[in-house]
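Values in this document were obtained by computation on a predicted structure and should not be read as measured data. If you read the sequence from its start, that first residue is 1, and numbering goes on from there.
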Amino acid sequence: MFDSLRNGIADFGAAIQKRNVWLALAIEDIGDQHKRTYLGPIWLLVNYLAFAGTFVVVFGSGSTIPNFPIYVAIGLLVWLYLSEVVTLSVSLFVREESFITGTTLPISVYVLRQTMQSIIRTGYAACGCIAIILISGATMQPAWLWSVLSMLLIFAATPAAVLIFAVIGAYFPDLQFIVTNIMRIGLFLTPIFWIDAGSGGLRSVIYLWNPFTYFIEIVRGPIYSGTVPIGAFAICVPICISLWVGALVMLGLARKRIAFVL
């Protein structure tokens, strides 16, 4: 295990040294995805605003949640990021097959490329989220810094999550279809536009056992309620650490075999 962990760390270290490669590729990918459009990457902002606006209009009517636009805007921002990371990661190595089999780049380069793409896309969406928060009448508070730190924590754990799903997806191609369907359902099983009133029942079970609940809460809580969700942090931090340990061990074991599996 320790040899695998050491090999995984070495691969990530080599990828970090080649940061110019995956940074350039990620930026190029974003540009290529919006090539020849009038708005370019601004479509990422427009898409988020359209999605968030639809949620506010459809589910906000008669809602008992105070400051519903803020509640939805932050929850949706985090969910879209996490959903994209999970969904795209499963097929990552399959999409990068030609690069993996034709170059000697560290496997982690492709992981960091995917991570940076998701972060860039979320940056555009975050502009829309901030606009909704400010238009809804919220005023900036020192507690908001905890939301920034929470997003940085999520970003820091992203490469580990990408790697785990990508390795498993390379060995089990059907997983991408399973994950896609689960994430579609997860949109409604995650407290993005609903809350748990603590009355028990199935809704409370879904709320408490859904890990996405806590990642959304560490970002939303400081802005929405002005409090630091210590309980959610106590769950998210160990998850992030476990992801990294598992990812590095898995990378050490599989990095030389991925090219033969694809």
Side-chain angles (χ1 to χ4, degrees), residues 22-23 25-35 37 39-55 72-96 108-130 132 147-148 150-170 173 175-193 210-220 236 239-240 243-244 247:
W22 48 266
L23 278 171
L25 288 173
I27 294 172
E28 182 181 357
D29 290 338
I30 296 295
D32 289 343
Q33 290 164 8
H34 302 88
K35 191 175 182 180
T37 62
L39 296 181
I42 298 300
W43 275 113
L44 297 168
L45 170 60
V46 174
N47 291 340
Y48 168 81
L49 289 174
F51 205 1
T54 301
F55 267 70
V72 168
I74 302 173
L76 189 61
L77 177 71
V78 181
W79 167 259
L80 290 176
Y81 176 78
L82 296 175
S83 177
E84 175 182 304
V85 166
V86 173
T87 303
L88 294 181
S89 298
V90 180
S91 60
L92 173 61
F93 290 155
V94 176
R95 297 196 309 272
E96 302 288 0
S108 303
V109 165
Y110 310 105
V111 172
L112 294 173
R113 176 186 184 181
Q114 178 63 58
T115 299
M116 186 52 58
Q117 283 186 50
S118 297
I119 291 175
I120 292 173
R121 279 191 282 264
T122 298
Y124 283 94
C127 295
C129 181
I130 293 172
I132 293 174
S147 293
V148 176
S150 298
M151 284 303 302
L152 292 177
L153 174 65
I154 293 173
F155 290 158
T158 298
V162 171
L163 179 60
I164 290 174
F165 281 103
V167 171
I168 298 175
L175 185 64
Q176 60 181 301
F177 302 103
I178 297 173
V179 168
T180 299
N181 288 324
I182 290 175
M183 297 310 292
R184 285 174 180 170
I185 298 172
L187 173 66
F188 301 98
L189 299 181
T190 303
I192 299 171
F193 52 87
N210 185 346
F212 294 113
T213 295
Y214 305 100
F215 284 98
I216 289 177
E217 189 58 31
I218 61 175
V219 178
R220 182 165 58 192
C236 293
I239 290 177
C240 293
L243 284 174
W244 267 112

**Message:** side chain to side chain contact (heavy atoms under 4.5 Å, CB included), that's the test. Do Thr158 and Ile119 meet it? Break it down for me.
**Reply:** CA-CA 9 Å; Thr158 298; Ile119 291 175; 5.8 Å; no

**Prompt:** Can you tell me how far the CZ atom of Phe177 sits from the OG atom of Ser91, to the nearest 0.5 Å?
**Reply:** 9.0 Å

**Request:** Please check if the side chain of Arg220 supplies one atom and the backbone of Val78 the other of a donor-acceptor pair under 3.5 Å.
**Result:** no

**Item:** Gap between atom CD1 of Ile168 and atom CG of Leu163 - 0.5 Å precision
**Value:** 9.5 Å

**Asked** Say you draw a straight line from CH2 of Trp79 to CE of Met183; how long is it, rounded to the nearest 0.5 Å?
**Response** 3.5 Å

**Backbone N/O of Thr115 and side chain of Trp22: donor-acceptor pair under 3.5 Å** = no

Tabulate below the donor-acceptor pairs under 3.5 Å that side-chain atoms of residues 43-52 make, not counting sequence neighbours, or state none.
from: Asn47; atom 1: ND2; to: Trp43; atom 2: O; distance (Å): 3.1
from: Tyr48; atom 1: OH; to: Ala73; atom 2: O; distance (Å): 2.6

**Prompt:** Looking at Ala156 and Trp244, what are the two nearest heavy atoms and their distance?
**Reply:** O-NE1, 2.8 Å

**Fill in**
d(Leu77 CG, Leu82 CG) to nearest 0.5 Å is 9.5 Å

**Qualifying residues under side chain to side chain donor-acceptor pair (under 3.5 Å), relative to Arg184, sequence neighbours excluded** = none

**Prompt:** If you take all heavy atoms of Gln117 and Ile30, which pair is closest and at what distance?
**Reply:** O-CD1, 3.9 Å

**Asked** Within the side chain of Ser118, is there an N or O that forms a donor-acceptor pair under 3.5 Å with the backbone of Val85?
**Response** no

**Item:** All salt bridge (charged side-chain N to carboxylate O under 4.0 Å, His left out) counterparts of Glu28, not counting sequence neighbours
**Value:** none

**Prompt:** In Å and rounded to the nearest 0.5 Å, what is the OG1 to CZ distance from Thr54 to Phe193?
**Reply:** 12.5 Å

